[in-house]
Amino acid sequence: MKKIPLLLAMALVAIQTGCYYDVEEELYPNITCDTATRSYSTHIVPILQNNCYVCHSQAANLGNVTLEGYNNLKTYVNSGKLLGAIKHQQGFQPMPQGQPQLADCSIAQIEAWITDGALDN
Ligand code: HEC
């Protein structure tokens, strides 16, 4: 009779470790997502630098898409393609290409910045 709880405990451990994967928000759930303060230069550029410029800098220009530089980026904001791509919406190329979707917080910050009028701030 005593064996059943032990087996159950082992099964639970197996299930939990089996589902383990590296998602920043889940590993560090207490990090708060700051979408109240957002600016092009402090928040948006670093996200793009880390995830997109490898293919979409002015020099790389992969797929004939340049996201480096405010005016270039603004074109994709206005067409809805930036948000469509990072939110993996239907009808858009899911970005970053060949990589997992951006962290929820990064997407939220970009979306909040766009809602604010996508200012060059
Ligand atoms: C590994 C290279 C690579 C990375 C990294 C990458 N892209 Fe792209 N992206 C491409 C290519 C190639 C295309 C053109 C795809 C096509 O037309 O088939 C493209 C197209 C796009 C488009 C146009 C989509 C459309 O529907 O017309 C947008 C917007 C875009 N990328 C945004 C981003 C953003 C934002 C990031 C970072 C979060 C990113 N990309 C990261 C390679 C990349």
Side-chain angles (χ1 to χ4, degrees):
M1 277 298 147
K2 270 190 174 170
K3 272 186 181 164
I4 291 168
L6 182 65
L7 278 176
L8 196 66
M10 283 166 69
L12 279 174
V13 168
I15 289 167
Q16 281 173 356
T17 45
C19 293
Y20 178 87
Y21 59 104
D22 283 350
V23 172
E24 201 178 340
E25 291 110 274
E26 289 172 17
L27 286 175
Y28 309 105
N30 291 328
I31 290 178
T32 50
C33 181
D34 182 9
T35 58
T37 53
R38 56 254 173 171
S39 96
Y40 171 69
S41 51
T42 343
H43 299 105
I44 309 307
V45 170
I47 296 171
L48 301 177
Q49 239 161 11
N50 291 333
N51 301 282
C52 318
Y53 280 10
V54 61
C55 297
H56 297 305
S57 68
Q58 295 185 13
N61 191 34
L62 238 73
N64 206 22
V65 175
T66 294
L67 303 178
E68 185 183 357
Y70 175 78
N71 288 332
N72 291 325
L73 182 66
K74 194 72 196 292
T75 314
Y76 291 95
V77 170
N78 292 343
S79 68
K81 285 187 174 180
L82 179 67
L83 215 49
I86 60 169
K87 292 182 88 175
H88 293 191
Q89 286 169 351
Q90 214 174 350
F92 298 94
Q93 300 283 341
M95 293 290 145
Q97 196 180 65
Q99 288 163 47
Q101 197 167 17
L102 292 179
D104 288 349
C105 184
S106 302
I107 296 175
Q109 285 180 327
I110 293 174
E111 197 165 13
W113 171 71
I114 292 174
T115 306
D116 269 2
L119 303 175
D120 185 5
N121 53 3

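This is a predicted model, so every value here is computed, not measured. Just so it is clear, the values below take in all heavy atoms, side chains as well, and ignore hydrogens, waters and symmetry mates.
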Asker: Kindly compute the distance separating OG1 (Thr75) from CG (Leu73), expressed to the nearest 0.5 Å.
Answerer: 8.0 Å
Asker: Nearest 0.5 Å, what's the OG-CG distance between Ser57 and Asn72?
Answerer: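 So the gap between those two atoms works out to 10.5 Å.
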Asker: Could you check Val45 against Tyr53 for side-chain contact (heavy atoms from CB on, under 4.5 Å), going step by step and ending with a plain yes or no?
Answerer: CA-CA 9 Å; Val45 170; Tyr53 280 10; 4.0 Å; yes
Asker: At what distance, to the nearest 0.5 angstrom, does OG of Ser106 lie from CG of Leu48?
Answerer: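 Ser106 OG to Leu48 CG: 9.5 Å, rounded to 0.5 Å.
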Asker: Check the hydrophobic clustering (I, L, V, M, F, W, Y; side-chain heavy atoms under 4.5 Å; chains of links allowed) and say if Trp113 and Leu83 are grouped together.
Answerer: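 Hydrophobic grouping puts Trp113 with Leu83.
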Asker: Please name the pair of heavy atoms, one in Glu111 and one in Lys87, separated by the smallest distance, quoted to 0.1 Å.
Answerer: OE2-NZ, 2.8 Å
Asker: Under a 4.5 Å cut-off applied to non-hydrogen side-chain atoms, are Ile107 and Gln101 in contact?
Answerer: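 The answer is yes; the side chains approach within 4.5 Å.
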Asker: Do Tyr40 and Leu119 touch side chain to side chain, with heavy atoms closer than 4.5 Å?
Answerer: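 Answer no - side chains too far apart.
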Asker: Consider only side-chain heavy atoms of I, L, V, M, F, W and Y, link residues closer than 4.5 Å, and tell whether Phe92 and Leu67 are in one cluster.
Answerer: no
Asker: Same cluster for Val77 and Tyr70 if Ile/Leu/Val/Met/Phe/Trp/Tyr side chains link at under 4.5 Å?
Answerer: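 Yes; tracing contacts between hydrophobic side chains, which count when under 4.5 Å, links both residues.
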Asker: Kindly determine whether Asn51 and Ile86 satisfy side-chain contact (heavy atoms from CB on, under 4.5 Å), including the steps that lead there.
Answerer: CA-CA 11 Å; Asn51 301 282; Ile86 60 169; over 6 Å; no
Asker: Do Thr66 and His56 come close enough that some side-chain heavy atom pair is under 4.5 Å?
Answerer: no
Asker: If we only count heavy atoms from C-beta on, is the Ile114 to Leu82 side-chain gap below 4.5 Å?
Answerer: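 Side-chain contact under 4.5 Å: yes.
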Asker: What are the two closest heavy atoms between Ala112 and Thr35, and how far apart are they?
Answerer: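 Residues Ala112 and Thr35, closest heavy atoms: CB-O, 4.1 Å.
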Asker: Please give me the minimum heavy-atom distance between Pro46 and Ser41, naming the atom from each residue.
Answerer: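 So the two residues come closest at CD-O, 3.5 Å.
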Asker: Do Asn121 and Asp116 touch side chain to side chain, with heavy atoms closer than 4.5 Å?
Answerer: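 Heavy-atom side-chain distance check fails, nothing below 4.5 Å.
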Asker: Taking all non-hydrogen atoms of both residues, which atom of Tyr76 and which atom of Asn64 are closest, and how far apart?
Answerer: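 Closest heavy-atom pair between Tyr76 and Asn64: OH-O, 3.6 Å.
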Asker: Okay, side chain of Gln109, backbone of Asp34: is any donor-acceptor separation there less than 3.5 Å?
Answerer: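 Judged by distance alone, yes, a pair lies under 3.5 Å.
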